[in-house]
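All remarks here apply to the structure that follows.
Not measured: the values here are computed from a predicted model.
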Amino acid sequence: QLQLVESGGGLVQPGGSLRLSCATSQYTLEYYAIGWFRQAPGKEREGVSGISSTDGGTYYADSVKDRFTISRDNAKNTVYLQMNNLKPEDTAVYYCAADLWGDGSKWYAESEYDYWGQGTQVTVSS
C-alpha cells in the first residue's frame with residue numbers, strides 16, 4: 001500500500017510563493033503518475049496539475065498555468081508543486097495522488113488514481 005505524505009503548506013500573502021512536496025519512503029515514485037488536486041471550502045475537489053510516469057509530460061489547470069510548476073526529484077523520491085504569485089482563490093487543502101504507470105492523459109480525473117495523501121492546507125490571505 002503506497003503511502004503519500006504532503007508537506008509545505010501554510011499561510012502566505014497574496015503574490016507569495018510556496019512549494020508543496022509529495023513524498024513516499026516505500027516505493028519508487030518515478031513509476032507513478034502524480035496528480036495534485038485541491039479542495040476549497042464548499043467546493044468540489046479539482047485537478048491542479050499532473051506529471052506523467054512515462055514521458056515526464058506535465059499538465060496544468062488553466063487557473064494555475066504560468067504560476068505553478070510540477071516537477072520530480074527521483075533521487076529524493078519526491079514530486080513538487082512550486083506555486084508562485086498565489087491568489088486568495090488558491091486557498092484550499094492540496095492533495096497529491098498516485099497512479100502506477102500512468103501516462104497522465106487523464107491527470108485531472110480522480111478516478112485515475114489509486115493512492116492519495118492526507119492533504120496540506122494552503123491559505124492565501126493578507
Side-chain angles (χ1 to χ4, degrees):
Q1 182 83 4
L2 178 66
Q3 293 183 327
L4 301 171
V5 178
E6 303 100 333
S7 61
L11 173 64
V12 63
Q13 293 186 342
S17 298
L18 285 173
R19 188 178 74 164
L20 305 184
S21 299
C22 174
T24 183
S25 60
Q26 300 165 287
Y27 301 101
T28 303
L29 209 54
E30 68 178 300
Y31 299 153
Y32 293 81
I34 300 297
W36 281 99
F37 291 78
R38 67 186 180 187
Q39 187 167 23
K43 295 188 177 181
E44 292 188 354
R45 190 155 56 184
E46 63 175 354
V48 175
S49 182
I51 186 165
S52 168
S53 70
T54 55
D55 62 2
T58 57
Y59 310 90
Y60 300 95
D62 288 343
S63 59
V64 306
K65 202 169 292 184
D66 299 326
R67 298 190 297 124
F68 290 11
T69 303
I70 191 170
S71 63
R72 291 183 185 271
D73 185 337
N74 291 332
K76 295 184 177 180
N77 221 20
T78 301
V79 171
Y80 300 103
L81 185 68
Q82 177 67 43
M83 307 187 296
N84 297 330
N85 191 21
L86 283 161
K87 304 176 181 180
E89 52 263 43
D90 295 318
T91 295
V93 178
Y94 283 70
Y95 301 88
C96 66
D99 172 25
L100 183 62
W101 299 120
D103 64 7
S105 59
K106 294 184 179 179
W107 66 271
Y108 49 84
E110 293 185 44
S111 59
E112 292 292 296
Y113 299 93
D114 300 308
Y115 306 99
W116 291 80
Q118 293 300 305
T120 185
Q121 175 71 46
V122 172
T123 303
V124 185
S125 175
S126 55

*Please say whether more than 12 non-hydrogen atoms of neighbouring residues, nucleotides or ligands are located less than 6.0 Å from CD in Gln118.*
no
*Minimum heavy-atom separation for Pro14 to Ser126, with atom names?*
CD-N, 3.7 Å
*Look at Glu30 together with Arg72 and state whether they make a salt bridge at an N to O cut-off of under 4.0 Å.*
no
*asked:* To the nearest 0.5 Å, what is the distance between CD on Glu112 and CG on Leu100?
replied: 12.5 Å
*Mind checking ring-ring contact (aromatic ring centres under 6.0 Å, His included) for Tyr27 and listing every partner two or more places apart, or none if nothing turns up?*
none
_Can you classify the ring geometry of Phe68 versus Tyr94 as parallel (below 30°), tilted (30 to 60°) or perpendicular (above 60°)?_
tilted
_Looking only at the side chains, is there a donor atom on one of Ser52 and Thr54 sitting less than 3.5 Å from an acceptor on the other?_
yes
_Path from Val64 to Val124 over hydrophobic side-chain contacts below 4.5 Å_ = yes
*When rounded to the nearest 0.5 angstrom, what distance separates CD1 in Ile70 from CH2 in Trp36?*
8.0 Å
*Do the side chains of Leu81 and Ser49 get nearer than 4.5 Å, heavy atoms only?*
yes
*Can you check whether Lys76's main-chain N or O pairs, donor with acceptor, with Asp73's side chain at less than 3.5 Å?*
yes
*Could you pull out the closest heavy-atom pair between Ala61 and Gly47, with the gap in Å?*
CB-O, 3.5 Å
*Are Asp90 and Arg67 close enough for a salt bridge, meaning some N to O gap below 4.0 Å?*
yes
*In sequence, state the C-alpha distance, the side-chain angles, and the governing distance for Val79 and Ser71, and then conclude on side-chain contact (heavy atoms from CB on, under 4.5 Å).*
CA-CA 6 Å; Val79 171; Ser71 63; over 6 Å; no
*When rounded to the nearest 0.5 angstrom, what is the spacing between CD in Gln1 and OG1 in Thr24?*
10.5 Å
_Set out, in order, the CA-CA distance, both residues' side-chain angles and the distance that settles side-chain contact (heavy atoms from CB on, under 4.5 Å) for Leu29 and Thr78, then state yes or no._
CA-CA 7 Å; Leu29 209 54; Thr78 301; 5.6 Å; no
*asked:* Quick check on the 6.0 Å ring-centre criterion: do Phe37 and Trp116 meet it?
replied: yes
_Distance, nearest 0.5 Å, that separates CD of Glu44 from CD of Glu46_ = 10.0 Å
*Under a 4.5 Å side-chain heavy-atom rule over Ile, Leu, Val, Met, Phe, Trp and Tyr, are Tyr31 and Ile51 clustered together?*
yes
_Cation over ring face, Arg38 and Tyr95, 6.0 Å, 45°_ = no
*Closest non-hydrogen atom pair, Thr91 against Ala40*: O-CB, 3.6 Å
_Counting only heavy atoms not in Glu89 (residues, nucleotides, ligands), do more than 12 fall under 6.0 Å from its CD?_
yes
*May I ask you to decide whether Lys65 forms a salt bridge with Asp62, counting only side-chain N to carboxylate O separations under 4.0 Å?*
yes
*Going through the checks in order, is the side-chain contact (heavy atoms from CB on, under 4.5 Å) test met by Gln3 and Val5?*
CA-CA 7 Å; Gln3 293 183 327; Val5 178; 5.6 Å; no
Distance-only donor-acceptor hits, side chain of residues 16-23, under 3.5 Å, sequence neighbours excluded:
from, atom 1, to, atom 2, distance (Å)
Ser17, OG, Asn84, OD1, 2.9

_Distance check, rounded to the nearest 0.5 Å: Asp99 atom CG versus Ile34 atom CD1?_
8.5 Å
*Taking atom OH of Tyr32 and atom CG of Leu2, what is their separation to the nearest 0.5 Å?*
4.5 Å
*Identify whether Val93 and Tyr80 are in the same connected component of the hydrophobic contact network (ILVMFWY, side-chain heavy atoms under 4.5 Å).*
no
*Evaluate the side-chain contact (heavy atoms from CB on, under 4.5 Å) criterion for residues Trp107 and Tyr113: first the C-alpha distance (whole Å), next the side-chain angles of each, then the deciding distance (0.1 Å), finally the verdict.*
CA-CA 9 Å; Trp107 66 271; Tyr113 299 93; 3.7 Å; yes
*asked:* Tell me the closest heavy-atom pair linking Ser53 and Ala33, and the distance in Å.
replied: CB-N, 3.4 Å
*For Asp66, does the CG atom sit with more than 12 other heavy atoms under 6.0 Å from it, leaving out its own atoms?*
no
*In the single-linkage hydrophobic clustering (I, L, V, M, F, W, Y; side-chain heavy atoms under 4.5 Å), do Leu4 and Trp101 co-cluster?*
yes
